[in-house]
Asks: 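The structure's right below; bear with me while I get my questions together.
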Amino acid sequence: MLPTGLKISDIPESGSKGFSCNSEGFFAVKHYGKIYIYKNACPHIGIPLEWVEDKFLDPSSSMIQCANHGALFVIESGACVAGPCNGQKLVAVKFTIENDFIFLLS
């Protein structure tokens, strides 16, 4: 288990939070009380998804959005449904929660 330093309570409901672990970028999304974690890399060209810190969601907070080219991803699966990487997926990361803290599983 890799400690992230991120707590569930750090992630706003219907919001997102970026973080680093072992020098890699990740982000967490809280959607209807459930947590999803992905590597912070767009499958199109591998760059980080956000321009503004911790802003990984579209204006409606219903989809993950790449700020660079507008690609849209389903929160629950990471599947791209619009944009240049349509049909590809974000890399989901397995994790566990202990005492409100998130730990990544290797």
Side-chain angles (χ1 to χ4, degrees):
M1 289 193 316
L2 300 171
T4 64
L6 185 66
K7 297 182 350 181
I8 297 298
S9 56
D10 293 336
I11 309 164
E13 182 59 47
S14 298
S16 55
K17 181 83 174 155
F19 65 95
S20 293
C21 187
N22 279 0
S23 301
E24 284 190 80
F26 301 91
F27 67 98
V29 176
K30 189 185 291 181
H31 188 63
Y32 294 110
K34 190 166 181 187
I35 304 295
Y36 303 88
I37 297 180
Y38 296 99
K39 286 190 176 182
N40 186 7
C42 180
H44 178 225
I45 53 176
I47 59 176
L49 293 163
E50 85 284 17
W51 275 341
V52 176
E53 186 177 2
D54 300 328
K55 301 295 182 191
F56 294 90
L57 302 180
D58 71 346
S60 71
S61 296
S62 64
M63 303 284 283
I64 297 166
Q65 183 173 30
C66 179
N68 291 286
H69 49 66
L72 295 173
F73 303 87
V74 176
I75 291 172
E76 296 85 353
S77 67
C80 183
V81 294
C85 49
N86 194 10
Q88 295 179 299
K89 293 178 90 174
L90 297 171
V91 176
V93 178
K94 293 182 181 183
F95 63 96
T96 189
I97 300 166
E98 292 187 13
N99 299 320
D100 196 41
F101 283 93
I102 296 173
F103 294 84
L104 301 185
L105 302 173
S106 54

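All values below come from the heavy atoms of this structure, side chains included, with hydrogens, waters and symmetry mates left out.
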Asks: What residues, two or more places apart in sequence or in another chain, satisfy side chain to side chain contact (heavy atoms under 4.5 Å, CB included) together with Ser20?
Replies: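 Counting only residues at least two positions away or on another chain, Ser20 forms no side chain to side chain contact (heavy atoms under 4.5 Å, CB included).
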
Asks: Mind listing the closest non-hydrogen atom pair of Ile64 and Val74 along with its distance?
Replies: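 Reported closest heavy-atom pair: CD1-O, 4.4 Å.
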
Asks: What's the shortest heavy-atom distance between Gly46 and Ala41, and which atoms?
Replies: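 Smallest interatomic distance, heavy atoms only, reads O-CB, 3.8 Å.
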
Asks: Could you pull out the closest heavy-atom pair between Ile11 and Ala28, with the gap in Å?
Replies: CD1-CB, 3.6 Å

Asks: Would you say Ile37 and Ile75 are hydrophobically clustered, going by side-chain heavy atoms of ILVMFWY under 4.5 Å?
Replies: no

Asks: Could you list the cluster mates of Val91? Members are the ILVMFWY residues connected by side-chain heavy atoms closer than 4.5 Å, either directly or through other members.
Replies: none

Asks: Hey, is the main chain of Met63 close enough, under 3.5 Å, to the side chain of Asp58 for a donor-acceptor pair?
Replies: yes

Asks: Would you please name every residue forming a side-chain hydrogen bond (donor to acceptor under 3.5 Å, both in side chains) with Asn68, sequence neighbours left out?
Replies: Trp51

Asks: For Cys80, enumerate each residue passing the side chain to side chain contact (heavy atoms under 4.5 Å, CB included) test, keeping only those at least two apart in sequence or located in another chain.
Replies: Ala71, Phe73, Cys85

Asks: How would you list all residue pairs meeting ring pair (Phe, Tyr, Trp, His ring centres under 6.0 Å) that involve residues 6-34, not counting sequence neighbours?
Replies: Phe19-Phe26, Phe27-Tyr38, Phe27-Phe56

Asks: Is any side-chain heavy atom of Ile35 closer than 4.5 Å to a side-chain heavy atom of Phe95?
Replies: yes

Asks: Run the side chain to side chain contact (heavy atoms under 4.5 Å, CB included) test against Phe103 and tell me which residues pass, sequence neighbours left out.
Replies: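 Phe103: side chain to side chain contact (heavy atoms under 4.5 Å, CB included) contacts with Met1, Pro3, Thr96, Glu98, Phe101.
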
Asks: Heavy atoms only: give me the nearest Val29-Ser16 pair and the separation to one decimal.
Replies: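 Of all heavy-atom pairs spanning Val29 and Ser16, the closest is CG2-CB, 4.1 Å.
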
Asks: Sequence neighbours left out, what passes side-chain hydrogen bond (donor to acceptor under 3.5 Å, both in side chains) with Asp100? Give chain and number order.
Replies: Ser9

Asks: Enumerate the residue pairs fulfilling salt bridge (charged side-chain N to carboxylate O under 4.0 Å, His left out) with a member in residues 12-31, sequence neighbours excluded, ordered by first and then second residue.
Replies: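 Pairs touching residues 12-31 that pass the test: Lys17-Asp54, Glu24-Lys39.
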
Asks: List for me each residue that meets side-chain hydrogen bond (donor to acceptor under 3.5 Å, both in side chains) alongside Glu50, sequence neighbours excluded, and say none if there are none.
Replies: Asn40

Asks: Write down the atom of Ala82, the atom of Asn86, and the distance for their closest heavy-atom approach.
Replies: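 Looks like N-OD1, 3.9 Å.
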
Asks: With sequence neighbours excluded, tell me which residues meet side-chain hydrogen bond (donor to acceptor under 3.5 Å, both in side chains) with Ser14.
Replies: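 Not a single residue meets the side-chain hydrogen bond (donor to acceptor under 3.5 Å, both in side chains) criterion with Ser14.
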
Asks: Using a 4.5 Å cut-off on heavy atoms from C-beta on, say whether the side chain of Ile8 contacts that of Ile102.
Replies: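 The answer is yes; the side chains approach within 4.5 Å.
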
Asks: Write out all pairs satisfying salt bridge (charged side-chain N to carboxylate O under 4.0 Å, His left out) with one or both partners inside residues 71-94, taking only residues at least two apart or from two chains.
Replies: none

Asks: Report the distance from atom CD of Gln88 to atom SG of Cys42, rounding to the nearest 0.5 Å.
Replies: 8.0 Å

Asks: Under the rule for side chain to side chain contact (heavy atoms under 4.5 Å, CB included), what residues qualify as partners of Ile45, not counting sequence neighbours?
Replies: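 Residues passing side chain to side chain contact (heavy atoms under 4.5 Å, CB included) with Ile45: Ile47.
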
Asks: Could you walk me through whether Leu90 and Leu49 pass the side chain to side chain contact (heavy atoms under 4.5 Å, CB included) check?
Replies: CA-CA 10 Å; Leu90 297 171; Leu49 293 163; 3.9 Å; yes

